[in-house]
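Okay, structure first, notes after.
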Number of protein chains: 2
Amino acid sequence: MDKLEKYFNQLSPLKSTTWDKVKPLFTKTHLQKGEHFIEQGQLASKIGFLESGIMRAFYRNDEGTEYNKHFFIENSFVGGYASLITGQPNIIIQQALSDCHLWVADFKQLSALYDTCPDLERVARRIAELYFVDKENREIEIILLDADKRYELFQKRFPQLEQLIAQYHIASYLGITPTQLSRIRKKLAQR
Amino acid sequence: MDKLEKYFNQLSPLKSTTWDKVKPLFTKTHLQKGEHFIEQGQLASKIGFLESGIMRAFYRNDEGTEYNKHFFIENSFVGGYASLITGQPNIIIQQALSDCHLWVADFKQLSALYDTCPDLERVARRIAELYFVDKENREIEIILLDADKRYELFQKRFPQLEQLIAQYHIASYLGITPTQLSRIRKKLAQR
DNA sequence: CTGATTTCTTTACCTATGTAAATGCTTCAC
DNA sequence: GTGAAGCATTTACATAGGTAAAGAAATCAG
């Protein structure tokens, strides 16, 4: 769990006494390819730190249309963040796209430490802030860039990923159909 | 500045000693219709609380295409949030769409209080978290809903706004052209 | 009130992307 | 290695939405 400690510390240094309280809350977990970390409709309760593997977060509407909101690679937090924060039922499914190793903690226990460990709450604040900035950029990309450009951005942002996951997952992340992604790939290959 | 105090407190209660430190950082400001609160390219330094009026946050790319990311109505924070957080130059312009009354503070002075006032940092955390949830929902809407549905959502979310601002601002918020919005309005009127 | 300016709508045409179905191509279990 | 299942590509057609320009309506300055 060195990776987790490093991740925390680069956001904002944690006192060792805080880390001593945080550490025991996390237990090692394994997810097999295809398994879900969190389901739609339930209240989120746990937070995970992805040490290795690939996961996706996706939304599925009533008609069964899926949209891949995000891919997680190593050194990312997973969990129904919005549900944890708002206490509303979770609407985002998270699934392992490969075998995954995670450290998992109960979010209530973790956030209960905010009262006595302001340095931990600071980390939480920074995470929320950075997540927001991330989303803001993505929003602009979605609105202002066409799918060709978003595809190129995806390739830059997740260089390794394209080889490891299915095309239709990438298409869903880009907000288009596999058909359209195939057309785009053809066009780019011809240049 | 009662509204500001109320706003803080409903996110997470502030100690009165904290409020005593926060309050003097804010000074009253007026923006005329059309004035900018923050420009593209500069480092954000101030944060404002919109007491009355309407503002918009928009992105403008190299070709001059604008995208209205957000409308602010009374009781909202304005300011180059991403720039304040990351220290990178601001890319989002914020402009008054009507005469506006704001309370404005220097963000560095405000965030410097986090060290001594954990209750203030908690408010900051909650704001960041809620902003994130907001963006997450908007992302899903943009990808999965067509413009007709997004328009109806806009009308529900900002009931008063449609009368007060130009159609092309709404179109830009929806990520479409005024032409398309006009078509949608025509279609909806015929039902 | 009147002319000028801005905004909204309409039209004609074009492009990106969706849908559905057929065809290949991989991969994986056995 | 072989067959089945899943995946990617292609094709034909349909639709949402863009662009440009013109016309209609609303707003504003004097």
Side-chain angles (χ1 to χ4, degrees), chain A residues 32-35 54 56 58-68 71 95-99 139-155 161-191, chain B residues 32-34 54 56 58-68 71 95-99 140-155 161-191:
Chain A
Q32 279 186 296
K33 181 171 175 170
E35 269 189 272
I54 302 168
R56 66 168 178 143
F58 66 104
Y59 176 82
R60 185 190 281 145
N61 69 9
D62 304 335
E63 289 110 52
T65 314
E66 288 185 4
Y67 161 55
N68 280 346
F71 296 116
Q95 181 189 37
L97 292 181
S98 70
D99 285 15
E139 179 190 354
I140 294 172
E141 283 166 18
I142 294 172
I143 291 270
L144 290 180
L145 303 184
D146 58 17
D148 304 41
K149 299 227 186 64
R150 295 207 300 280
Y151 177 51
E152 287 173 358
L153 262 182
F154 162 80
Q155 292 179 312
L161 223 53
E162 190 160 12
Q163 281 43 270
L164 301 174
I165 63 179
Q167 299 277 323
Y168 64 83
H169 279 320
I170 299 173
S172 166
Y173 177 78
L174 300 175
I176 56 178
T177 55
T179 308
Q180 182 62 9
L181 177 54
S182 183
R183 285 192 277 240
I184 290 171
R185 284 160 57 80
K186 190 180 180 184
K187 199 170 63 181
L188 291 179
Q190 283 168 352
R191 291 202 312 210
Chain B
Q32 278 186 295
K33 180 171 177 172
I54 302 168
R56 68 169 177 141
F58 66 104
Y59 176 83
R60 183 191 283 143
N61 69 9
D62 304 335
E63 290 110 51
T65 315
E66 288 185 4
Y67 161 54
N68 281 345
F71 296 117
Q95 180 188 38
L97 293 180
S98 71
D99 285 15
I140 295 172
E141 283 166 18
I142 293 172
I143 291 270
L144 290 179
L145 304 183
D146 58 16
D148 304 41
K149 298 226 187 63
R150 295 208 301 280
Y151 177 51
E152 287 172 1
L153 262 182
F154 162 81
Q155 292 179 311
L161 224 53
E162 191 162 9
Q163 280 46 268
L164 301 174
I165 62 179
Q167 299 277 321
Y168 63 81
H169 279 319
I170 299 173
S172 166
Y173 177 79
L174 299 175
I176 57 178
T177 56
T179 309
Q180 183 63 8
L181 178 54
S182 185
R183 285 192 276 240
I184 290 171
R185 285 161 56 79
K186 190 179 180 183
K187 199 170 64 183
L188 290 178
Q190 281 168 352
R191 291 201 315 212

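Here is how names work: the chains are called A, B, and so on, in the same order as the sequence lines, proteins then strands, and each is numbered from 1. This structure is a prediction, so every number in the text was calculated from the model and none was measured.
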- Task: Using side chain to side chain donor-acceptor pair (under 3.5 Å) as the criterion, list what pairs up with A:Y168, not counting sequence neighbours.
- Result: none

- Query: Do B:L144 and B:K149 come close enough that some side-chain heavy atom pair is under 4.5 Å?
  - Reply: no

- Task: Determine whether A:Q155 and A:Y151 make a side-chain contact, defined as any pair of heavy atoms from C-beta on separated by less than 4.5 Å.
- Result: yes

- Query: Given side chains that start at C-beta, do those of B:I176 and B:I184 come closer than 4.5 Å, heavy atoms only?
  - Reply: yes

- Overall bend of the helix from C:dC1-D:dG30 to C:dC30-D:dG1 (five pairs an end, 10° steps) is 50°

- When the distance from CD1 of A:I184 to P of D:dT9 is rounded to whole Å, what number comes out? 12 Å

- Contacts of A:F71 that satisfy ring-ring contact (aromatic ring centres under 6.0 Å, His included) - sequence neighbours left out: A:Y173

- Message: Let's see if you get this right: which residues in residues 167-179 of chain B place a heavy atom under 4.0 Å from DNA chain C?
- Response: B:Q167, B:Y168, B:T179

- Message: Could you work out, with side chain to side chain donor-acceptor pair (under 3.5 Å) as the rule, every residue matching A:N68, not counting sequence neighbours?
- Response: A:R56, A:H169

- Query: Tell me, which pairs form a salt bridge (Lys or Arg N to Asp or Glu O under 4.0 Å) where one or both residues lie in residues 172-182 of chain A, sequence neighbours left out?
  - Reply: none

- Message: So A:R183, base contact, sugar-phosphate only, or nothing? Heavy-atom distance under 4.0 Å.
- Response: base

- Contacts of A:D148 that satisfy salt bridge (Lys or Arg N to Asp or Glu O under 4.0 Å) - sequence neighbours left out: A:K187

- Looking at residues at least two apart in the chain, or sitting in another chain, which of them share a side chain to side chain donor-acceptor pair (under 3.5 Å) with A:R60? A:E66

- Min side-chain heavy-atom separation B:Y67-B:T65 under 4.5 Å: no

- Message: When you compare the side chain of B:T177 with that of B:Q180, does any pair of heavy atoms fall below 4.5 Å?
- Response: yes

- Item | Where at least one partner belongs to residues 161-170 of chain A, residue pairs that pass salt bridge (Lys or Arg N to Asp or Glu O under 4.0 Å), sequence neighbours excluded | A:E162-A:R185

- Item | Distance, rounded to the nearest Å, where A:Y151 contributes OH and D:dA8 contributes P | 11 Å

- Query: Whole Å only: how far is the NZ atom of B:K187 from the P atom of D:dG17?
  - Reply: 7 Å

- DNA chain C: first to last nucleotide in contact with chain B (atom under 4.0 angstrom from a heavy atom), 5' to 3', is C:dT7 to C:dA12

Protein-nucleotides 26-30 of chain D N/O pairs under 3.5 Å:
none

- Query: How many Å lie between NZ on B:K149 and C1' on D:dA16, as a whole number?
  - Reply: 12 Å

- What residues form a side chain to side chain donor-acceptor pair (under 3.5 Å) with A:E141, not counting sequence neighbours? A:R157

